[in-house]
S.K.: 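Have a look at the structure that comes next, please.
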Amino acid sequence: MFQNVKYYPGDPILSLMDEYKQDARTSKVNLGVGVYYDDNGHVPVLECIKTVESQLVEENQPHDYLPMDGLPAYRQACQKLLLGKNHEAITSGRVATIASLGGSGALRVGAEFIHQWFPQAKAYVSNPTWGNHISIFEGAGIEVHKYPYYDPKTIGIKFTELKQFLTQLDVGSIILLHPCCHNPTGVDPSHEQWDQLLDIIKNKQLIPFMDIAYQGFGEDLETDTYAIRKAVEIGLCVYISNSFSKNMSLYGERVGGLSIVCPTSEEARLVQSQLKFTVRRLYSSPPAYGGHVVSRVLSNTKSYEHWQQEVYIMRDRIRKMRSRLYEVLQTKIPDRDFSYFIKQRGMFSFTGLDPQQVARLKSEYGVYMVENGRMCMAGLNSSNIEYVANAMAEVLK
Ligand code: PMP
């Protein structure tokens, strides 16, 4: 009966992690998966989360269903975090927001909505992008193409090519953008470049879909929303998917949000109702636990400030690892410029290693990174950084 079912070989990054787990070497290092580890190599439980969790245990609330679009306090907190506290779009009711199953769920519900109401729209993702962007949009029935982004020659952005590319797209095309901490390259546009890109997007009547999964890991919680806020400021309708997987270290709780900034509150009401309908048909209502935890952290000034401090501890640790990697490589191979490791933002870095060098790192040193040369900086710590930097220098020589 099922003999014609096609085997799904799994996600390449997750398969790499299976290989890593089976590696018996004690010196092995995991730089593959996009998870933040602390300096002891553990996924942290943030102190601000622990505090709220103990309150929840104490209160012993029933495990009731949430509304289809999630807790109202959670939805409001997401809007404020993304757009700023008293933003006009929020106060005038122009933002439709639902709680989602992580950032992935937000992307999928957004894609379903686009497919249903704008069936002609094609989506454009950066070349390269997080692989699941393509799968999620295609899974919702949307045709996906790539826009020029990363330039291996400059380890920067193919900015002129990108601008040129955007100008020839059909009106209503969806442009999937990473407002900060681009995955997988770590290369972000400057504010001036964002201004130019968003102007083209506006003039050509394209639709930005901003996927922010690393808010706070780039510059800070506010600055990382620059592109989102600028897009809203110049009057664009924006789709925003956000995730608390990384910046609250709540990976398994599946907490994210989808917000759509609409021209009027009446349109936002219609959009909100359709997002709810999409949720109803897919999974009925979101998980409650993460929603309660996050809304409490964000809604209380003291716990918000505590969270902010903890986000910056994670951000600063990643930066420290970037600097150390740069120092070792620059000393060992002085005729090559490694400053890109410091300029890149967020958890990921395109190392410039080719697939053969990545394979050597794995087989000779037990250092695992994605075949395209992407490494997760947060897999580095004070115990393995020298080992990894020296191994990288060896394969780069
Ligand atoms: N967008 C990007 C760019 C990501 O890197 C990720 C996580 N790897 C997600 C969305 C999805 O996040 P979540 O785990 O919350 O579904």
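Counting starts at 1 for both ligands and their atoms, following the listed order.
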S.K.: Parallel, tilted or perpendicular for W130 and H133, by the 30°/60° rule?
M.R.: perpendicular

S.K.: Mind checking whether F209 and Y239 have parallel, tilted or perpendicular rings, split at 30° and 60°?
M.R.: parallel

S.K.: List ligand 1 atoms under 4.0 Å from R254, heavy atoms only on the residue side.
M.R.: 13 (P), 14 (O), 15 (O), 16 (O)

S.K.: Taking K362 first and then E19, would you say they form a salt bridge - that is, a charged N and a carboxylate O separated by under 4.0 Å?
M.R.: yes

S.K.: Which ligand 1 atoms does S245 reach within 4.0 Å, using its non-hydrogen atoms?
M.R.: 13 (P), 14 (O), 15 (O)

S.K.: Any nitrogen or oxygen of H178, side chain or backbone, less than 3.5 Å from one on ligand 1?
M.R.: no

S.K.: Measure S104 to ligand 1 on non-hydrogen atoms and call it side chain, backbone, both or neither using the 4.0 Å cut-off.
M.R.: both

S.K.: Please confirm whether H182 approaches ligand 1 to less than 4.0 Å, judged on its heavy atoms.
M.R.: no

S.K.: Is the closest basic N to carboxylate O distance between K50 and E47 below 4.0 Å?
M.R.: yes

S.K.: Which is closest to atom 5 (O) of ligand 1 by heavy-atom distance: Y251, W130, Y214?
M.R.: Y214

S.K.: Within ligand 1, which atoms have a heavy atom of K246 less than 4.0 Å away?
M.R.: 7 (C), 8 (N)

S.K.: Which ligand 1 atoms are under 4.0 Å away from a heavy-atom of N183?
M.R.: 4 (C), 5 (O)

S.K.: Would you mind checking if E266 and R94 are paired as a salt bridge, meaning a charged N to carboxylate O distance below 4.0 Å?
M.R.: no

S.K.: At a 4.0 Å threshold, what atoms of ligand 1 neighbour a non-hydrogen atom of S243?
M.R.: 12 (O), 13 (P), 15 (O)

S.K.: I'd like to know if R317 pairs up with D39 as an ion pair, taking the criterion as any Lys NZ or Arg NE/NH1/NH2 lying under 4.0 Å from an Asp or Glu carboxylate oxygen.
M.R.: yes

S.K.: Are the charged groups of E233 and R229 less than 4.0 angstrom apart, N to O?
M.R.: no

